[in-house]
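For ligands, and for the atoms within them, numbers begin at 1 and follow the listed sequence. Not measured: the values here are computed from a predicted model.
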Amino acid sequence: MSLADYEVVIGLEVHCQLATRTKMFSACPQRIGAPPNTMVDAYTLGMPGTLPVPNAEAVRYGIALALALGCEVQGTSQFVRKHYFYPDLPKGYQITQSDRPYAWGGGIEIPAGRIRLHHIHFEEDAGKNVHVPGEDVSLVDYNRAGAPLLEIVGEPDLRSASDAADYLRELRAIVRTLGISEANMEQGTLRCDANVSLRRRGVETLGTRCEIKNLNSFRFLERAIEAETRRQADLLDAGEAIVMATMSFDPDRGVTKIMRTKEDAADYRYMPEPDLPLLVLPDGWVASLREAQPELPAARRLRYADLGLSANSAALLVDDPELAAYFDATVRSGAEPKTVANWVGGELLAKLEGAPICDSPLAPEQLAELIGMIADGTVSGRAAKQVFSTVWAEGGSPRAIAERDGHRQVSDTSVLEAAVVEVIASSPKQLAQFRSGKVSLKGYFVGQVMKKTRGQANPKLVGEILDRQLAATSEALPE
Ligand code: ADP
Ligand code: MG
């Protein structure tokens, strides 16, 4: 059989590390990129006698996401212990949620349709084992141990690798818009496991799934799903059964490999967390967070489409809420939206060279002023780019800089009128050709006027004056 005879079924489990000041169950500060083992306290290290206290900020962030995804937030949920033995887990168990998560249901809209969510739950992260290359030792960094995580568990509604990437991208945009996490895959603040199974087309029942762990880029997510699809199809074609397993993806060879055959839930000795009562949400939290919900990506995309932005421009802004805020502020300052989107997506991003928009020395008001100067003919588009660079380097008002550096466009009609008349008078050969039908020579006349005015003439006005003058000379002279 060929791949086309199978339907691929995918469900994602996504972990999102919350950008709270402190960890999930202790007042230990957390910071991404801190030197190893500097973000730890007695609780993080599993010292006897320490007790967990849930982080209210993390709970609020979790509720905000659940509301944005249309989940049913539970007034009461339960923490449980999940036991396993590994050096990155000092306590010997992880506090998570299982049968009674804080949010059920919900969904994410992607171009292919609505992908349902199963639930979202809170948990604490483990530390990180660092294998020293070429040496026979492993080190452990506990900075991440106890970091607050949301696990967003999707239903197996996805039907292709690219749909899976769409789903994860939309989730990322929503998380970033809420400002609850950097949601950065390279950094590990957004992590994804993909469950993949195949079934013959037309068959209702789901096939046996395998779970690919730790996909840390969109590219790897798609490639891993494609590789796992091929592996399972080959096995099925050969008449073999799929064994439920946990897989890893080898990006160099482009294949998935079995890490371990799936452990049973019973192996984890799940039990209610004895050191924590049920999590009961205080009155009013859900309502006030619902009230405070920002404009979500779907609504933002619609608003940008109404402003005339291309889908690409809108996507660029929706994926980076701070850039979107900058765009909105520039438009509020009076600049035309499509032009703003072009400047933000072009000149501004190029100058930022990957730095965040908060590093821009140009405030939205300054960009709006610059764009206004193009619109009212004060400067040409080309001169505006020079003014932009100067303001970027030196600061100041774009209008003042354009004035000082002689970038003002000549829009004085009497000056332009004179230049046009002069150019026509000194180009009798071109004028004759123009009159005999070679209308493309208008470009030549425009060029001459621009040269005469050292590039500062307003080209639109020059065009208009030329049309008038050329018509006048044709009428004045007999054919
Ligand atoms: P677990 O066994 O990890 O507790 P579930 O069985 O509920 O969890 O499923 C975990 C993830 O696997 C979910 O994202 C779900 O959508 C996905 N999943 C479940 N069954 C299948 C399947 N047959 N094919 C693909 N994905 C599946
Ligand atoms: Mg799982």
Side-chain angles (χ1 to χ4, degrees), residues 3 6-16 65-66 69 71 77-84 93-108 110 112-123 126 149-168 170-171 190-215 221-222 224-233 235-236 241-249 256 258-271:
L3 266 185
Y6 296 107
E7 181 176 51
V8 57
V9 173
I10 305 153
L12 298 189
E13 292 169 277
V14 179
H15 284 95
C16 175
L65 181 63
L69 298 176
C71 308
S77 65
Q78 184 182 42
F79 290 110
V80 300
R81 285 186 182 183
K82 177 182 178 177
H83 297 83
Y84 62 91
Y93 59 84
Q94 174 194 32
I95 303 181
T96 176
Q97 298 192 302
S98 144
D99 301 342
R100 298 182 70 182
Y102 84 93
W104 287 109
I108 295 178
I110 62 168
R114 179 178 164 83
I115 308 303
R116 293 167 303 153
L117 298 178
H118 186 267
H119 76 268
I120 313 180
H121 67 254
F122 292 111
E123 61 186 32
L149 298 180
L150 296 179
E151 180 170 343
I152 301 108
V153 180
E155 294 283 1
D157 286 352
L158 295 160
R159 294 291 177 268
S160 74
S162 73
D163 287 356
D166 284 344
Y167 167 91
L168 190 57
E170 186 66 7
L171 177 57
L190 189 70
R191 280 169 258 162
C192 179
D193 304 333
N195 296 273
V196 178
S197 68
L198 296 191
R199 61 183 173 190
R200 294 279 303 276
R201 285 199 183 275
V203 172
E204 280 269 334
T205 48
L206 293 176
T208 303
R209 72 186 155 103
C210 289
E211 179 175 5
I212 321 164
K213 283 284 184 195
N214 297 329
L215 298 165
L221 170 66
E222 290 198 52
I225 290 171
E226 281 156 10
E228 178 60 13
T229 303
R230 279 193 300 276
R231 187 188 72 92
Q232 291 187 19
L235 283 172
L236 293 173
I242 306 297
V243 180
M244 213 193 221
T246 303
M247 317 290 297
S248 65
F249 175 60
T256 50
I258 295 186
M259 274 161 64
R260 50 182 190 264
T261 45
K262 184 87 180 168
E263 51 287 278
D264 244 32
D267 295 338
Y268 288 124
R269 305 287 189 280
Y270 279 100
M271 58 182 261

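Every atom of ligand 1 with a heavy atom of Val9 under 4.0 Å away is listed here by number and element: 24 (N), 25 (C). Set against the non-hydrogen atoms of Gly207, the atoms of ligand 1 under 4.0 Å away are 23 (N). Below 4.0 Å from some heavy atom of Leu206 lie the following atoms of ligand 1, by number and element: 23 (N). Within the listing of ligand 1, atoms 13 (C), 14 (O) sit less than 4.0 angstrom from a heavy atom of Val153.
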For Arg199 and Leu206, run side-chain contact (heavy atoms from CB on, under 4.5 Å): C-alpha distance rounded to whole Å, both residues' side-chain angles, the deciding distance at 0.1 Å, then the answer. CA-CA 6 Å; Arg199 61 183 173 190; Leu206 293 176; 3.5 Å; yes
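The distance criterion of under 3.5 Å between nitrogen or oxygen atoms is not met by Ile10 with respect to ligand 1. Ligand 1 has no nitrogen or oxygen under 3.5 angstrom from a nitrogen or oxygen of Glu211. Checked against a 3.5 angstrom limit, the closest N/O atoms of Gly154 and ligand 1 fall inside it. Below 3.5 Å of separation, one finds an N or O of Pro156 facing an N or O of ligand 1.
For the residues Glu155, Arg116, Arg209, Arg199, the heavy atom positioned nearest atom 1 (P) of ligand 1 is part of Arg209.
Looking only at distances, no side-chain donor or acceptor of Asp163 sits under 3.5 Å from a matching main-chain atom of Leu158.
Using a 3.5 Å distance cut-off with no hydrogens or angles, the side chains of Glu151 and His15 do pair a donor with an acceptor.
In this view, Arg230 satisfies the side-chain hydrogen bond (donor to acceptor under 3.5 Å, both in side chains) rule with no residue, not counting sequence neighbours.
Put simply, the side chain of Tyr102 reaches to within 4.5 Å of the side chain of Leu150, judged on heavy atoms. Contact annotation: the side chain of Ile258 approaches that of Arg231 to within less than 4.5 Å [non-hydrogen atoms, C-beta and beyond]. Counting heavy atoms from C-beta outward, Tyr270 and His83 have side chains that stay 4.5 Å or more apart. Inter-residue side-chain proximity for Leu149 and Arg191 is flagged as met; some heavy-atom pair is nearer than 4.5 Å.
At a heavy-atom distance under 4.0 Å, atoms from both the backbone and the side chain of Asn195 approach ligand 1. Contact annotation for Leu12 and ligand 1: only backbone heavy atoms (N, CA, C, O) come within less than 4.0 Å of the ligand.
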